[in-house]
Amino acid sequence: MRSDAPAPGRLTVISALGVVEILAWGSSFYLPAVLAGPIAADTGWPLTWVVGGLSIGLLVAAIASPRVGIAIHRHGGRPVLASAALLLAAGHVVLGLAPNLPVFLAGWVLLGLGMGCGLYDPAFATLGRLYGAGARPAITTLTLWGGFASTVCWPLSAFLVEQVGWRHACLAYTGLHLVVTLPLVLGLIPGAPEPETVKGEGQHADGPLTPRERRAYRLMAGVLVLGGTVMTLVSVHLIALLQARGVALAAAVSYGALIGPAQVGARIVEMANKGRHHPLWTLTVAMALVVLGLAILAAGVPAVGLALVLYGAGNGIYSIARGTVPLALFGPVRYPVLVGRLARPGLIAQAVAPSLGAVALTYGGADAAYGLLVALALANLGLAIALWRARPDVVDGSGATG
């Protein structure tokens with residue numbers, strides 16, 4: 001982009017980032033759901049290791065995330081998101097050409113670096129760096145775009161596997177990142193504001209937290225750990241959990257399909273509210289809906305559809321809260337650095353969660369797994385409530401005093 005060219009409008013920037021997020025999530029986090037089976041069948045590699053590539057990627061993303069936050073604070077999001085496109089493209093080249101399992105897993109290391117540079121947390125930090133305290137509506141709108149990642153990329157991945165095989169499907173994602181994602185980032189994501197815009201504060205952005213801020217930070221990290229664990233457990237094990245309650249496979253898949261529309265619907269309601277309430281209300285309501293939905297499932301009440309709509313709605317606005325609550329708690333100057341730090345524990349939890357769920361199902365059965373989910377969700381609701389008392393006195397993303 002020429003330095004003298006007019007900056008793209010906010011809607012243009014959010015729309016570009018939305019497409020970037022759809023392809024970033026769809027080609028990484030959501031990839032094994034469609035490709036793992038065909039890869040294992042074609043290569044003979046153990047399915048657990050094929051799926052385990054995602055856990056490796058999430059752990060790598062967790063390691064990288066704090067440095068990513070610092071890089072966005074110092075240089076803005078455009079170079080970091082451009083790096084994500086290149087890393088995701090390179091990772092898919094390695095996957096598509098992998099002659100053996102170790103090389104395949106090495107491809108997931110590259111994908112993990114791309115995830116650390118390109119999923120929600122870096123995108124939120126980019127918006128915070130661009131729009132400061134006014135980033136909350138942009139973050140909310142971006143999650144609406146991101147909610148379509150599986151809707152777009154699961155059918156796309158399935159079509160590619162059927163038409164050209166899993167290896168060429170990976171190479172197709174390489175092409176999409178190079179010809180769609182990268183040009184969108186370089187062409188439509190503005191450079192970071194000049195340092196003078198945060199004069200007097202920028203030098204403290206990665207400095208030590210006050211005691212009150214440390215308490216809020218720890219509580220928010222706990223929310224992200226438990227939230228990531230619950231979300232991943234449900235995503236990976238939902239069909240098995242429903243079947244354990246006597247739901248047929250086809251019906252279980254249909255019920256699971258309710259989660260996506262519920263997520264998007266709840267995000268639209270949150271957008272319509274136009275930030276009139278503190279983001280902690282969004283987080284608290286999100287956790288309450290998740291608890292209610294999982295409790296109905298655990299109780300075996302014949303209202304599976306309602307339970308999953310409630311859970312999906314809660315999970316949908318939780319995605320918004322994880323971006324807007326840190327902005328409200330710590331202010332826009334600290335935001336990119338702290339979002340990078342906060343991403344690490346949540347990503348580690350997501351990497352470990354599938355194995356945790358498998359252990360619960362294997363040794364305790366469905367009742368133990370349901371009990372674990374409800375206990376984690378209740379604990380997270382408690383952390384969300386505790387954040388109300390711990391919140392520091394800063395100006396949040398809606399302009400209201402924290």
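Predicted model, so just to flag it, every value in this text is computed and none were measured.
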Report yes if some heavy atom in the side chain of [X] is under 4.5 Å from a heavy atom in the side chain of [Y]; otherwise report no.
{"X": "Leu59", "Y": "Leu347", "answer": "no"}
{"X": "Ile72", "Y": "Val68", "answer": "yes"}
{"X": "Cys153", "Y": "Ile22", "answer": "yes"}
{"X": "Glu270", "Y": "His277", "answer": "yes"}
{"X": "Cys117", "Y": "Leu87", "answer": "yes"}
{"X": "Leu294", "Y": "Val230", "answer": "yes"}
{"X": "Pro354", "Y": "Val51", "answer": "no"}
{"X": "Tyr318", "Y": "Val290", "answer": "no"}

Could you tell me which residues satisfy side-chain hydrogen bond (donor to acceptor under 3.5 Å, both in side chains) with [X], sequence neighbours excluded, listed by chain and number?
{"X": "Trp25", "result": "Glu21"}
{"X": "Arg344", "result": "none"}
{"X": "Ser319", "result": "Arg267"}
{"X": "Tyr173", "result": "Ser157"}

For [Y], does its backbone N or O pair with a side-chain atom of [X] as donor and acceptor, under 3.5 Å?
{"X": "Arg78", "Y": "Thr126", "answer": "no"}
{"X": "Tyr363", "Y": "Ala368", "answer": "no"}
{"X": "Arg334", "Y": "Leu329", "answer": "no"}

Do Leu361 and Leu241 pass the side-chain contact (heavy atoms from CB on, under 4.5 Å) test, and can you show the C-alpha distance, the side-chain angles, and the key distance before you say yes or no? CA-CA 9 Å; Leu361 280 168; Leu241 288 169; 3.8 Å; yes

How far apart are the closest heavy atoms of [X] and [Y], and which atoms are they?
{"X": "Ser28", "Y": "Leu88", "value": "CB-CD2, 4.3 Å"}
{"X": "Ala360", "Y": "Leu372", "value": "CB-CD2, 4.3 Å"}
{"X": "His237", "Y": "Ala358", "value": "NE2-N, 3.5 Å"}
{"X": "Ala24", "Y": "Gly118", "value": "CB-O, 3.8 Å"}
{"X": "Phe104", "Y": "Leu95", "value": "O-CD2, 3.2 Å"}
{"X": "Leu308", "Y": "Ile259", "value": "O-CG1, 4.0 Å"}

Nearest-0.5 Å distance, [atom1] of residue [X] to [atom2] of residue [Y]:
{"X": "Leu338", "Y": "Ile70", "atom1": "CG", "atom2": "CD1", "result": "10.0 Å"}
{"X": "His92", "Y": "Leu31", "atom1": "NE2", "atom2": "CG", "result": "5.5 Å"}
{"X": "Leu373", "Y": "Leu297", "atom1": "CG", "atom2": "CG", "result": "9.0 Å"}
{"X": "Leu176", "Y": "Thr181", "atom1": "CG", "atom2": "OG1", "result": "7.0 Å"}
{"X": "Leu186", "Y": "Leu81", "atom1": "CG", "atom2": "CG", "result": "10.0 Å"}
{"X": "Leu342", "Y": "Leu224", "atom1": "CG", "atom2": "CG", "result": "6.0 Å"}

Plane angle bin for Tyr120 and Phe124 - parallel if under 30°, tilted between 30 and 60°, otherwise perpendicular: parallel

Heavy atoms of other groups near [X] [atom1], more than 12 under 6.0 Å:
{"X": "Arg67", "atom1": "CZ", "value": "no"}
{"X": "Trp45", "atom1": "CH2", "value": "yes"}
{"X": "Arg215", "atom1": "CZ", "value": "no"}
{"X": "Gln163", "atom1": "CD", "value": "yes"}

Decide side-chain contact (heavy atoms from CB on, under 4.5 Å) for Arg245 and Asp367; before the verdict, give the C-alpha distance in whole Å, the side-chain angles of both, and the deciding distance to 0.1 Å. CA-CA 9 Å; Arg245 288 284 191 255; Asp367 288 340; 3.1 Å; yes

Output, in order, the C-alpha distance, side-chain angles, deciding distance and verdict of side-chain contact (heavy atoms from CB on, under 4.5 Å) for Asn315 and Val234. CA-CA 11 Å; Asn315 195 49; Val234 173; over 6 Å; no

Using the ring pair (Phe, Tyr, Trp, His ring centres under 6.0 Å) rule, collect all pairs that involve residues 133-172, keeping only residues at least two apart or in two chains. Tyr30-Trp154

Take Met115 and Leu54, measure what side-chain contact (heavy atoms from CB on, under 4.5 Å) needs, and give me the verdict at the end. CA-CA 10 Å; Met115 292 162 72; Leu54 175 59; 4.0 Å; yes

For Ala106, enumerate each residue passing the side-chain contact (heavy atoms from CB on, under 4.5 Å) test, keeping only those at least two apart in sequence or located in another chain. none

Under a 4.0 Å N-O cut-off, is there an ion pair linking Arg341 with Asp121? no

